[in-house]
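Before any comments, here is the structure.
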Amino acid sequence: MARALPAVGVVVALIIGILGGFFAATVISPQERVVVTSVATQVVTTTATVGGGQPMTLTATITRTVVERPTPPKTIIIGATVPKTGSFSPVAGPFEKLYLAWQDLVNERGGLYVKQYGMRLPVKVVIYDDESNGETAARLYERLITVDKADILLGPYSTPVTLPVIDVVAKYGTPIVTTQAGAPPIYTRGLKNVFSAIDLISTWSYSYFDMIKAEGKARTIAFVIQDEAYGNGLMAGAKPKAQEIGLRIVAEEKFPVGTTDFTAIILRLKAADPDIVFVAGLNPGAAAFVKQALEQGLRPREYHVPQLTKPFLDTVGVRNANYFTGEWFWTEGIPYDGYFGREFWMEAMRRAGLTNDLYPWASVTWQALETVAAAIEKANSLKPEDLVDALEKTYVLTISGPTQLGRDFGQFTNVGLIRAFPVQLVDGRFRVIWPPEIRTAEHVYPTPWQ
Amino acid sequence: MPTPLAVVELTLAGLLLGGIYSLLSVGLTVTFGVARVLNLTHGEFMMVSSLAVYLLFQFTGGAFNPFATLGLLIPILFASGYLFEKFLIRPLRQKPVDVIEWAPLLVTLGVALIIEDIAFMTVPREFGVSYSLPPTRIMGLTLSTTRLASLVLVTCVALALHIFLRRTFIGKAIRATIQDREGALTMGINVNRVSAITFGLGVSLAAAAGVFLVMIRSVDAYVGLPITAKAVAIVILGGMGSILGSLLGAIVLGISEVYVSFYSPAWSFTVAWIILIIILLLRPQGILGKRAERV
């Protein structure tokens with residue numbers, strides 16, 4: 001019996017070896033690249049007589065492979081600029097706090113998982129002030145790529161500032177997810193490393209018009225357009241869509257940024273008597289127009305003001321804007337949890353000291369952060385080509401619903417799916433009124449003027 | 001062509017806009033006339049006044065009537081203007097002549113930028129007040145009651161200013177100093193004190209303009225310098241140092257802007273500068289300014 005022990009030992013060793021091999025094969029996924037730094041092979045030979053017959057020699061080769069991953073970086077570096085100064089600072093300057101709150105929250109839960117290293121790594125968001133200026137932003141993004149060695153970038157605020165940045169990132173190939181830049185020229189150049197989580201600006205009002213068509217109550221519409229990128233971008237889609245659903249356009253009034261007096265426009269709109277007055281403009285212009293229009297007795301069946309934000313309501317008054325409709329990318333009642341969960345988003349906003357009604361573009365920034373995080377966790381490595389590949393394939397549920405970044409259509413490349421939701425202000429609270437599957441209330445039309 | 005009713009509405013809108021411009025430009029004119037300083041902080045004081053109305057309105061939950069802030073803000077900003085002249089402008093008068101020429105301009109520009117930054121840190125976005133009154137309907141016209149009330153109050157402020165300048169000793173001293181600074185000095189007028197009072201008066205008028213402006217549109221921390229530029233254009237249009245000229249220039253500009261915007265809103269901004277260029281070419285001394293002696 002004692003002579004059989006070595007044979008039993010060899011059999012046990014073989015079983016352990018086989019199990020070990022199976023275990024190793026399941027832990028290391030086939031896609032994962034590993035670095036084999038040393039291979040040690042040991043041949044074990046033993047001779048035993050089993051059952052009193054001829055002696056039998058067993059030879060087992062034990063191979064021990066030491067697998068070592070590349071040294072992980074200390075942090076994943078995400079580069080961004082915000083307009084801390086300059087003309088866009090009131091709207092997006094405080095987003096630096098949102099980025100930092102996101103960074104802290106992600107790091108508190110251990111960072112983002114990076115497949116290449118098989119572990120979570122902390123994130124670091126490097127942020128500069130682009131002074132609301134495209135040329136400054138372009139210089140800073142070059143710095144983020146070449147000096148700070150950012151792994152991935154988040155775009156600056158607005159299309160005019162983003163356009164010069166795109167030239168820089170195109171040169172280096174670093175992936176970028178734009179934040180509040182929905183104008184077509186950014187996405188018509190076929191750039192593979194430039195992505196947007198949201199859809200083109202021209203489509204943002206489509207849901208509103210879908211609702212108007214489904215209801216079939218409104219017949220005419222008047223457009224009041226602020227002559228700048230946002231107003232014109234919105235109109236590029238809103239006007240053809242309105243015509244497509246059978247609305248008759250009875251007035252189309254354009255005004256320059258900084259207009260103080262709207263009496264002339266209001267007089268023409270009174271004469272046109274539209275069902276809907278659609279105000280395609282940013283504040284303070286949109287608010288100044290509506291305030292004066294109300295004071296001068298312009299009472300259409302509905303005011304549709306996409307920028308139905310707190311600065312607008314501060315100027316016009318919550319009571320005066322009762323039953324106004326607007327377009328938001330997120331508000332209470334939108335049922336999606338998002339990539340990190342609703343509480344994570346609410347906590348980040350709380351830490352940043354921001355509120356959605358005061359900074360409605362914060363949710364769009366958040367969607368970009370969600371898509372960046374999803375892509376990093378999906379990518380094979382932090383190399384630009386792997387991140388671009390992951391972004392192209394990323395289908396992520398954001399707080400505003402699902403988006404797919406690698407969507408190409410017509411002349412556009414890498415445009416996301418997210419569009420604005422029509423909302424209605426009723427007695428100081430915003431209600432989501434379309435699409436039917438997520439609406440929290442019925443659309444009240446026409447406005448019951450007091 | 002606008003209908004007769006539209007003409008009435010447009011003219012009223014132009015008069016109100018002109019009224020607001022006149023408060024600004026008259027304030028700038030008297031300051032320039034007395035102190036010989038182009039006060040680039042003028043628009044900033046207007047913005048500060050708008051900001052104060054906004055903050056009061058917000059903190060009281062809309063209970064504070066913006067018109068009532070006039071009574072509060074005018075004395076406070078008068079004192080600010082007085083102290084501004086006393087501590088920042090007057091010391092510069094003791095400097096060499098070449099410094100006096102440019103230093104006040106730079107000081108007022110510097111203070112303007114500081115005020116902008118402080119205001120921006122206080123409210124880092126555009127702001128407005130939601131105060132409004134139901135429209136007034138008269139003979140088929142639907143007019144803004146807030147605007148009508150503003151127009152009445154602007155007229156009252158202008159009349160009060162007229163009476164102050166015509167009937168009071170200080171008012172007469174201000175006019176005398178505008179006409180001939182050295183002459184006023186020889187007549188025993190305390191020009192330094194008049195200068196400080198004039199700064200206070202100018203800033204008070206800017207404050208009044210700020211109250212009315214924030215009621216018809218929202219503003220932001222950086223509205224001051226562009227408004228000052230427009231006020232300078234009006235002062236040149238009316239004639240440097242001419243109070244009546246500034247009043248007239250402001251009304252002309254307000255009505256022009258509104259009527260031009262009826263046909264093409266995009267040109268309503270440019271109209272001020274087109275009128276200014278025409279006036280400078282045809283009548284360089286402005287509408288009511290005195291022609292300078294040829295050297």
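Convention: sequence-line order gives letters A, B, ...; per-chain numbering from 1. Treat the numbers as computed from the prediction; the structure is a model and nothing was measured.
At a heavy-atom cut-off of under 4.5 Å, chain B is reached by A:Leu358, A:Tyr359 from residues 354-361 of chain A, listed in order of number.
Only the side chain of A:Asn320 has a heavy atom closer than 4.5 Å to any heavy atom of chain B. In this structure, the portions of B:Ser132 lying under 4.5 Å from any heavy atom of chain A include both its backbone and its side chain. Looking at A:Leu294, only its backbone comes within 4.5 Å of chain B, counting heavy atoms on both sides. Contacts between B:Tyr259 and chain A at a heavy-atom distance below 4.5 Å are absent for every atom of the residue. The contact between A:Arg268 and chain B is made entirely by side chain atoms (from C-beta outward), counting heavy-atom distances below 4.5 Å. Heavy-atom distances place the backbone of A:Val257, and not its side chain, under 4.5 Å from chain B. Neither the backbone nor the side chain of B:Glu257 comes within less than 4.5 Å of any heavy atom of chain A. For chain A, no part of B:Phe57 is nearby; none of its heavy atoms comes within less than 4.5 Å. Of the atoms belonging to A:Gln296, heavy atoms from both backbone and side chain fall under 4.5 Å from chain B.
Using a 4.5 Å heavy-atom threshold, the side chains of A:Thr315 and B:Val129 count as separate. You'll find the side chain of B:Glu9 reaches within 4.5 Å of the side chain of A:Lys270, heavy atoms only. Within the 4.5 Å cutoff, no side-chain heavy atoms of B:Thr142 are placed close to those of A:Arg299.
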Which donor-acceptor pairs under 3.5 Å do the side chains of residues 267-280 of chain B make with protein atoms, sequence neighbours left out?
{"unit_1": "B:Ser268", "atom_1": "OG", "unit_2": "B:Pro265", "atom_2": "O", "d": "2.8"}

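The backbone N or O of B:Ser264 lies less than 3.5 Å from no partner atom in the side chain of A:Lys254, so there is not a single donor-acceptor pair.
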